[in-house]
Amino acid sequence: MGKLVLIDGNSIAYRAFFALPLLTNSSGIYTNAVYGFTMMLLKVLEEEKPTHMLVAFDAGKTTFRHQDYQEYKGTRQKTPGELAEQIPLVREMLDAFGIRHYAIENYEADDIIGTLARAGSGKDLEVLIVSGDKDLLQLVNEQVNVLLTRKGVTETERYDRKAVADRYGLTPQQIIDLKGLMGDASDNIPGIPGVGEKTALKLLKQFPTVEEIVDHVSELPGKKLREKVETYRDQALLSKKLATIYTEVPLDLQLEDLLLAELDVNRIADFFRKVEFKTLLDRLKKFSGADEEETKTVCEEQDAIESVTVFGEEARDEWEPFLKQSGLALFVEMTGENPHHSDVIGLALSDGEKQLYIPIEEAMDWQAFREYLADGERHKVVYDVKKTSLALKRKELDVAGLSFDVLLAAYLLDPSESQMELNEIVKRAEAGYLPSDEEVYGKGAKRRQLQGEELEKHLARKARAIYQVYPVLDRQLQEAGLDALMFDLEMPLAAVLANMERHGVLVNRERLDELGVELKRSMDLLQEEIYELAGVPFNINSPKQLGEILFDKLGLPVIKKTKTGYSTSADVLEKLAPQHEIVEKILHYRQVGKLYSTYIEGLKKEIGSDGKIHTQFNQTVTATGRLSSTEPNLQNIPIRMEEGRRIRQIFIPSEPGWYMLSADYSQIELRVLAHISGDANLQKAFKEGKDIHTQTAMDVFGVAEDEVTSLMRRQAKAVNFGILYGISGYGLAQGLDIPQKEAREFIERYFETYPGVKKYMDSIIAQAKQEGYVTTLSGRRRYLPKIHSRNFGERSFAERTAMNTPIQGTAADIIKIAMVRLDRQIRERGLKGRMLLQVHDELILEVPESELPAMQELVRDVMEHALELSVPLVVDVNCGKNWYEAK
DNA sequence: CGCGTCACG
DNA sequence: ACGTACGTGACGCGT
C-alpha cells in the first residue's frame, strides 16, 4: 500500500517563518521560511517514506467562502513582506525535490488537501496531512492522519481518530461544529459571541452537532447561554459552513501525477548551494545512493578533520610560524563545566586549515606559545571568552587579545536561546556541521571525558568550527547594528566579570555555622508543633502530603489547584491562616526550611579551599540582557525578611580592615520608562525628586500628598510594578488581591495620568509586530515571533514581553556600562578596592577604609552617568563591615 | 527529570 | 473566552 503526504504549504511556510530567526544569506535574501520548510520536508521524507506527495497553496484573495460571508478572513494581517518574498523560493525548492505543488482559484489549500485526501483514501492509499492548522483535523479517519506542527516546524504531533478524541473529546467531524460554535478569530469566523472552547465542548457533549444544538435550544443549561444560541443561531450555522473543508474541488490532476520520483540529489544540492544551506547538504547523504560524487565530497569536507597535529616537543620550531598569525580560533578543554573547580586538559588552535592540539603541560612549557597567548596584537577567536580566560588564568598563563567570542555574538543576535552550544551556533550560521556535546560526551551518568585521538580530533573540530563561524557572526552583528554592543560592552564586561568571579567573596564560616544552628533549632521546634497540631507526623516539604493534611484531614477550603493536586503556595496559605493555627506554623517552617537548605547548607557546599565563594555570572542566559548567577546564585540572597536578611552577615571583605560597599540604583526601571516613553508627568516627578509611589498614589487617587495613606501607596506601588511588567487587569488583581474590575480602574486612571506611558505601550507592541523584535536603548534586540500568534495566551505574553523588555533590558545595559567604566576608572586611579558582585541594579564592592570616600564618590558618579537620560539616575551608596551592614 | 515552591531584582 | 503579571536559579519531592 502506498502513502500520500499532503502538505499545507502556506501554513508550514508561515510556521517556519515565525519559528526561525530572520536570517539572510550573503546576498541579503531572507531564507528562514525556506530553510524551515526544507527541514520539515526532509524529516517527512525520512520518517514517512511517502510514495505520493503534494504541497497545496492558497491561490487568490477571494474564495467561494467569500460569497457566503464577505468578511471571511477579513481581520487577517497582511503576510509580512519578508515571508511573501520567500514563497517563490519555496516553490523552487519543491521543484528541486520533484514535488508537485498546486493552487487553484477560488479555493484554499485546505480544500485541495481535503479533496485529495478523500481521493487517496478511496484508492487505498494511506494519507498523511501536514499542517499547523487544527482545522485539518476534521479530515481524520481510519486512513487519514494529520501531523500538526507543535513548536517550530519539525516538532510535530500525530493525530488519528483516537488522538482527536483524547484531545477534544470529539469525533473529527465535530471539529467543524466546534468551530461553528466558538468561531475563529484568525479567519474572522464569528461563531457564537461569548462561547469559547470550554462552553462549546460542553454543548457538543450534550448534542453532537450545531444543527441539533440549535434545534434543542430549550434544553440547554443557563438562561444567558440559551439566549445567545437563540440570537446567533444563523451565525453559528454559517460559521460551521465556513469551517467545513470542501472535498470536491475540480482538480486537473490525478493521483498518479503525485507519484514521487527518485530524488535528484544534484539538483537539490544546486539549490542548497544557491540559497547557502550548507548544513542541509550534509543531510542529503541519507537520500542519495552514496555514489553521488558531488555531495559526498562536500559532506566529508565538512566533518572530517584530516590535519590535526598533536604538539610534542620535537615540533616546536615547526609550529612557531603558525603562532605568528592573528585571528586563530582557540578552544580550551577542561575536566568539568565549572571553571573555578575544573582543571585544564588541553588547547586546540585552528586557522581554518591546520589544527593544532596542545596538551596543557606542553603549553605551559612552550615559551613561544606563552608569548603568543600574552600578545594582545595577535587576536584570538573563542567560544565563551570568560570561561576561556578563567581557565588560562587558573594555569597562571597570561592571556590577551581574546577579541571575539562566538557565544556572546550568538547571544546578541538572538538572546532567546540561552547559552547556545557551539554546534547550535554553527548550525544557525549555516557554517558547517558539528556534533552536539551530548552526542560526543554522552549525558547524565554516561558522560565521560574524551581521551587520546578522539579528544584531539574533537577539539580540533571545535576550534575549526569557531574559526569558520566567526566571519558569519561578525557580519551578522554589523548588519543588525549590534557590533558596538559586542565590542564596547559585552566583550570588555566579560573580562570584568572574570576578575570578579576569580577573586570571589570571602565567607565568615563561623557566622554561617551559628546561623545554621539557630535555624535548625527553629525548624525542629516548628516541626514538632506542626505534627502536634496535625495529630500525625508527615513530610511538610511534600506538597502532596501537606495538601492531604490541610484539605482532607483538617478540612480547610481549597482555594487553588495545581495540575497535580491542591496548591499549598504561600499566597493560598496566607488566606487560610485565620482558619487554623497550623497554617502560620507551616508558612514559617517553609521560610526557615528554605533558608536552611538553600542558604546555609547550599552555600556551605560552595565554599572553596580559599574560604571564598566563586559564583559564575552568566552573560548569555537571559532574554533581556541581564546577567544571571549560578553555583551558587548570589543574586537571590535574602533581604526582604529580617530573619533571612541576616544571611548577608556571612559575606565579608577578603582583607582585614576593609569594608563592603553597596551601591544601588533607585527606581532605575521606572526612570528608564520615564525616559523612553517621554511621558511629561512621570519625568516631572523624577526631576523634582519625588517619591514615585507616593506621587503615583496622589495622581491616581486624586489626593494631596498628606492624604496618601499607606494602603494607597502600596497599591500605587503595585500599579507601577504592573506597568513595568506589561500590565493586565488580572495580573494586578492577583498582585493586590482585589477584584479584577477594581484593578482595571486603577490601570485606566494610571494611563489617564501618564498618557505618554500608554502611548509607549501601544507603540512598542506595534513596533514588535512590524519589525519582529524590540530593542533597548543600546540597540540590544529580542525577537518576539509569538506576537503574531493566533493563540491568545501566547500573543498576550509576547505583548507583555514587548512592553517589559526594553525597560528591563535598558536598565541592564546601564549597569553593564557602569561596570565596564568603573573597572577602568579603578585601574586608572590605581585603587585597591574591587567589584565583587552585581545584583541587577546594585554593585557590591570591597574597599580599604582609606579609599572609602573616594570610592563612594567614584561609584556614584560612574553609575549615575552611565547613560544620560532625560531624568536623573540616582544611586544610593552604603558601607559596612559585611554585606548585611552595607544597607 | 518535571513540578511546585520560593529566594532575588 | 482566553489566562498571565517581567526576568532569573535552587531546593525537595516523587515518578
Side-chain angles (χ1 to χ4, degrees), chain A residues 181-183 185 191-200 415 418 443-444 539-547 560-573 587 590-591 593-599 601-603 605-606 615-616 618 621-641 644-645 647-648 664-665 667-669 718-719 721-736 740 743 747 782 789-809 811-812 815 838-842:
Chain A
L181 293 172
M182 63 183 275
I192 298 177
V195 172
E197 183 171 314
K198 280 208 176 129
T199 313
S418 70
K443 70 167 174 180
N539 187 342
I540 310 167
N541 284 324
S542 160
K544 189 162 162 261
Q545 295 184 33
L546 178 60
K560 200 164 76 178
K561 286 193 146 199
T562 66
K563 280 178 215 164
T564 48
Y566 308 119
S567 169
T568 64
S569 62
D571 60 320
V572 169
L573 295 190
L587 278 165
R590 278 237 181 105
Q591 198 194 338
K594 177 89 179 177
L595 291 176
Y596 189 77
S597 67
T598 304
Y599 298 103
E601 293 299 324
L603 287 179
K605 282 186 221 139
E606 302 287 346
T615 185
Q616 298 185 70
N618 208 308
V621 159
T622 71
T624 54
R626 275 190 179 180
L627 301 177
S628 84
S629 156
T630 50
E631 286 184 85
N633 181 353
L634 291 187
Q635 290 183 321
N636 71 346
I637 303 300
I639 189 166
R640 293 174 189 169
M641 306 292 269
R645 188 173 193 154
I647 300 283
R648 295 183 171 225
D664 66 296
Y665 283 108
Q667 305 296 351
I668 187 168
E669 293 193 348
V719 173
F721 271 111
I723 294 292
L724 295 176
Y725 295 156
I727 201 148
S728 74
Y730 180 92
L732 182 63
Q734 284 286 303
L736 277 175
Q740 238 190 93
I747 296 166
R782 178 174 183 181
S789 174
R790 290 156 308 287
N791 175 314
F792 175 89
E794 284 182 356
R795 189 176 61 248
S796 310
F797 183 55
E799 288 172 358
R800 292 197 298 274
T801 313
M803 299 187 251
N804 173 262
T805 296
I807 302 169
Q808 193 183 119
I815 194 165
Q838 187 251 45
V839 193
H840 310 308
D841 63 355
E842 173 186 19

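Here the structure is a predicted model, which means the values were calculated and not measured.
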Starting from the 5' end of DNA chain C, give me the residue, Asn636(A) or Thr199(A), whose nearest nucleotide shows up first.
Thr199(A)
Taking for each residue the nucleotide of DNA chain C with the nearest heavy atom, is it Arg795(A) or Gly722(A) whose nucleotide lies nearer the 5' end?
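Checking each residue's closest nucleotide, the 5'-ward one belongs to Arg795(A).
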Ignoring hydrogens and geometry, is there a side-chain-to-backbone donor-acceptor pair from [X] to [Y] under 3.5 Å?
X         : Y         : result
Asn804(A) : Leu724(A) : yes
Thr805(A) : Thr624(A) : no
Gln808(A) : Glu669(A) : no
Thr622(A) : Gly625(A) : yes
Arg648(A) : Pro638(A) : yes
Gln838(A) : His840(A) : yes
Gln545(A) : Asn539(A) : yes
Thr615(A) : Pro632(A) : yes

Which residue in the set Leu595(A), Asn541(A), Thr568(A) passes side-chain contact (heavy atoms from CB on, under 4.5 Å) when paired with Arg590(A)?
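Looking at Leu595(A), Asn541(A), Thr568(A), the match for Arg590(A) under the side-chain contact (heavy atoms from CB on, under 4.5 Å) is Thr568(A).
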Just to be sure I understand the rule, does [X] reach a base, reach only the sugar-phosphate, or reach nothing, if contact means heavy atoms closer than 4.0 Å?
X         : value
Ala718(A) : base
Gly194(A) : sugar-phosphate
Gln734(A) : nothing
Ala733(A) : nothing
Ala812(A) : nothing
Gly196(A) : sugar-phosphate
Glu631(A) : sugar-phosphate
Glu601(A) : nothing

Go through the N and O atoms of the side chain of [X] and the base of [N], and report whether any donor-acceptor pair is under 3.5 Å.
X         : N      : result
Ser796(A) : dT4(C) : no
Arg640(A) : dG9(B) : yes
Arg800(A) : dT4(C) : yes

Using whole Å, what does the distance between atom [atom2] of nucleotide [N] and atom [atom1] of [X] come to?
X         : N       : atom1 : atom2 : result
Leu732(A) : dG3(C)  : CG    : C1'   : 16 Å
Asn804(A) : dG9(B)  : CG    : C1'   : 11 Å
Gln667(A) : dG9(B)  : CD    : P     : 12 Å
Ile668(A) : dG7(C)  : CD1   : P     : 18 Å
Ile727(A) : dA5(C)  : CD1   : P     : 14 Å
Asn633(A) : dC11(C) : CG    : P     : 10 Å
Glu799(A) : dC6(C)  : CD    : P     : 12 Å
Ile637(A) : dC11(C) : CD1   : P     : 11 Å

When you compare the side chains of Ser789(A) and Glu794(A), does any donor N or O come within less than 3.5 Å of an acceptor on the partner?
yes
Side chains of Tyr665(A) and Glu842(A): any donor to acceptor distance under 3.5 Å?
no
So which protein nitrogen or oxygen atoms get under 3.5 Å of nucleotides 2-4 of chain B's nitrogens or oxygens?
residue: dG4(B); atom: OP1; partner: Lys563(A); partner atom: N; Å: 3.3

Indicate whether Tyr730(A) forms a stack on dT4(C); treat it as stacked only if centroid distance is below 5.5 angstrom and interplanar angle below 30 degrees.
yes
Under 5.5 Å centre to centre and under 30° between planes: does that hold for Phe792(A) and the six-membered base ring of dC2(C)?
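No, Phe792(A) does not stack on the base of dC2(C).
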In whole Å, what separates the P atom of dA5(C) from that of dT5(B)?
13 Å
Tell me whether the OP1 or OP2 atom of dC2(C) has a side-chain N or O from Asn791(A) closer than 4.0 Å.
no
Respond yes when some side-chain nitrogen or oxygen of Thr624(A) is under 4.0 Å from OP1 or OP2 of dG7(C), and no when none is.
no
Could you give me the stems involving DNA chain B, meaning stretches of three or more consecutive Watson-Crick or G-U wobble pairs whose two defining distances are both below 3.5 Å?
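Stem list for DNA chain B: B:1-9 with C:6-14.
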[X], nearest nucleotide to its side chain (from [options]):
X         : options                  : result
Thr801(A) : dC6(C), dA10(C), dC6(B)  : dC6(C)
Val621(A) : dG9(B), dT8(C), dC11(C)  : dT8(C)
Thr622(A) : dG7(C), dC11(C), dA10(C) : dG7(C)
Thr598(A) : dA7(B), dA10(C), dG9(B)  : dA10(C)
Phe721(A) : dT15(C), dA5(C), dT5(B)  : dA5(C)

Heavy-atom closest contact (Ala733(A) atom, Ala743(A) atom, distance)
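It is N-CB, 3.7 Å.
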